[in-house]
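Below is one structure, written out as structure tokens; comments come after it.
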Protein chains: 2
Amino acid sequence: MRRSDRLSEIIEIVQDGRLHLARDIAARLEVSVRTIYRDFDTLVASGIPIEGERGVGYLLREPVFLPPMNLSLAELEALHLGMAIVAEAADTELQAASISLTRKMNKVATANGTVPKNWGFGVYPFVQARIGFEHMPKIRSAIRAKEKLKIDYLSLDDISSTRIVRPLQSAYWGKIWTVTCWCEARDDFRSFRIDRISRCRPSGIFFKDEPGRRLEDYLEKVNSQMTGRPDASTQVK
Amino acid sequence: MRRSDRLSEIIEIVQDGRLHLARDIAARLEVSVRTIYRDFDTLVASGIPIEGERGVGYLLREPVFLPPMNLSLAELEALHLGMAIVAEAADTELQAASISLTRKMNKVATANGTVPKNWGFGVYPFVQARIGFEHMPKIRSAIRAKEKLKIDYLSLDDISSTRIVRPLQSAYWGKIWTVTCWCEARDDFRSFRIDRISRCRPSGIFFKDEPGRRLEDYLEKVNSQMTGRPDASTQVK
DNA sequence: CCGCAACTGACAAATGCTGTCAGTTGATGT
DNA sequence: ACATCAACTGACAGCATTTGTCAGTTGCGG
């Protein structure tokens, strides 16, 4: 096995986010432990955020490592346009992420002449209100963690309520953001407009996927109704 | 200089899209020509689309090569959301690009458990009409190439006209796409709604950036007017 | 058919990588 | 305070890879 191959193997191994011991990796790759230590040196030297702790093991800090990749011009354009839109249409967390990603890409791509400095894309503010945007990072991480949320919601007819929901998906409709949930009180799917959520906090209670209450079930249900706007039937006014 | 560093140097050198001779690269990196040939072998073997032609030189086929990179979870989310929106809001060329880019990312990112298979993003059609979308690839490549376009335009009061324009920027307003141009006939900036362009063809005539007629000049002019919608004053109804 | 520059093969020399060994360091638990 | 664990470090001999030199071949364009 070539050294360079071994280095990328190590990245793949460490990428699962769990702790790894140098000796295990050494056994798996059939080299000595010393070599693994040296390999980690090399990887860290080339900027890969691996952290080793004495007595504990190794861990990859950032969750994803992108291997070398070739992009076509169209793909690069799509990427830049997408990041420009996200920077306009999403919350500050994603906004910051899209800007830093664009910067990373530019760093490698615009140094030379083939790639235009100016992409010829303009994106102008088209999210009408940014009310409720501060909830979005919380909502996204709750979706990922499958954690129930406690939300205070003001319906479109100005009736407020507090609910415990299982967040499943946050959706973008061009002007507004919604979050689709399984609502524990109503025992059904409900979609909430994020700009009508006045308060939103993690409950500390985690849920498991249950048939009939999953995102897949919601999407299937909606699909079978063949309405133009998928969540019209469950929309919380 | 380490071998691996030299390999990425070579990529950077070749990335400019111009022809390079092995002997020049060898001189620049202070190694022998033979070593450079071997390095190209290595690069090609790891899937980098470099082409060498006898008697000519070396060339990178795809315009952009993305070196290894670390993305945070937020950046990955922004990327997926952006690609989902582009797939909904742009023409088929960009749509295809966004899909293939998403696939490339998924291939490396969802293999292990850290990254969710389902991102919890839904994006629903929010471009009202896809009329005129077929012109967009042409428009984008004309912007890049600085090639004048001949367009047939139907104004909002149903007056049609044919114009020669210098395309500068295509902009997205959440519902509609526009292209901002320097209009040769009017001798001023004009923005056209893409869904009102009935015909659009490259003229074969290329233009150079001239002070007063560039995108920068347009943006500056618009900025100084402090209107909410930058191109209100030059909008072609 | 000549010049160019990409290519290829062979081999010795230089360089870098690896394993072994013998330690140190810092965190954690008893 | 002590032991344990596992990351880390330095040194050195032996081995593997990489490199340069040299002497060719191949394919393209003039």
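Only a predicted model underlies this, so the values are computations on that prediction, with no experimental measurement involved. Below, chains carry the letters A, B, ... as their sequence lines are ordered, and counting in each starts from 1.
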Going by the rule salt bridge (charged side-chain N to carboxylate O under 4.0 Å, His left out), which residues pair with [X] if we only count those two or more places apart in sequence or in a different chain?
X	answer
B/Arg54	none
B/Lys146	B/Asp209
A/Glu210	A/Arg166, A/Arg213

Could you tabulate the donor-acceptor pairs under 3.5 Å formed by side-chain atoms of residues 134-142 of chain A, not counting sequence neighbours?
| from | atom 1 | to | atom 2 | distance (Å) |
| --- | --- | --- | --- | --- |
| A/His135 | NE2 | A/Ile197 | O | 3.0 |
| A/Lys138 | NZ | A/Cys200 | O | 2.8 |
| A/Arg140 | NE | B/Glu77 | OE1 | 2.8 |
| A/Arg140 | NH1 | A/Asp91 | OD1 | 2.9 |
| A/Arg140 | NH2 | A/Glu93 | OE2 | 3.0 |
| A/Ser141 | OG | A/Lys138 | O | 3.3 |

Using residues 40-47 of chain B as the side-chain source, report each donor-acceptor pair under 3.5 Å to any protein atom, sequence neighbours left out, with the distance given to one decimal.
| from | atom 1 | to | atom 2 | distance (Å) |
| --- | --- | --- | --- | --- |
| B/Thr42 | OG1 | B/Arg38 | O | 3.0 |
| B/Ser46 | OG | B/Thr42 | O | 3.0 |
| B/Ser46 | OG | B/Leu43 | O | 3.1 |

For [X], enumerate each residue passing the side chain to side chain donor-acceptor pair (under 3.5 Å) test, keeping only those at least two apart in sequence or located in another chain.
X	answer
A/Glu147	none
B/Thr102	none
B/Gln95	none
B/Arg214	B/Asp217

Between the opening five pairs and the closing five pairs of the helix from C/dC1-D/dG30 to C/dT30-D/dA1, how far apart are the helix axes, to 10°?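 Roughly 50°, once rounded to the nearest ten degrees.
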
Produce the list of close N/O pairs, under 3.5 Å, pairing protein atoms with atoms of nucleotides 21-27 of chain D; give distances to one decimal.
| from | atom 1 | to | atom 2 | distance (Å) |
| --- | --- | --- | --- | --- |
| D/dT26 | O2 | B/Arg54 | NH1 | 2.8 |

Looking at DNA chain D, which of residues 1-9 of chain A put a heavy atom within less than 4.0 Å of it?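 Those residues: none at all.
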
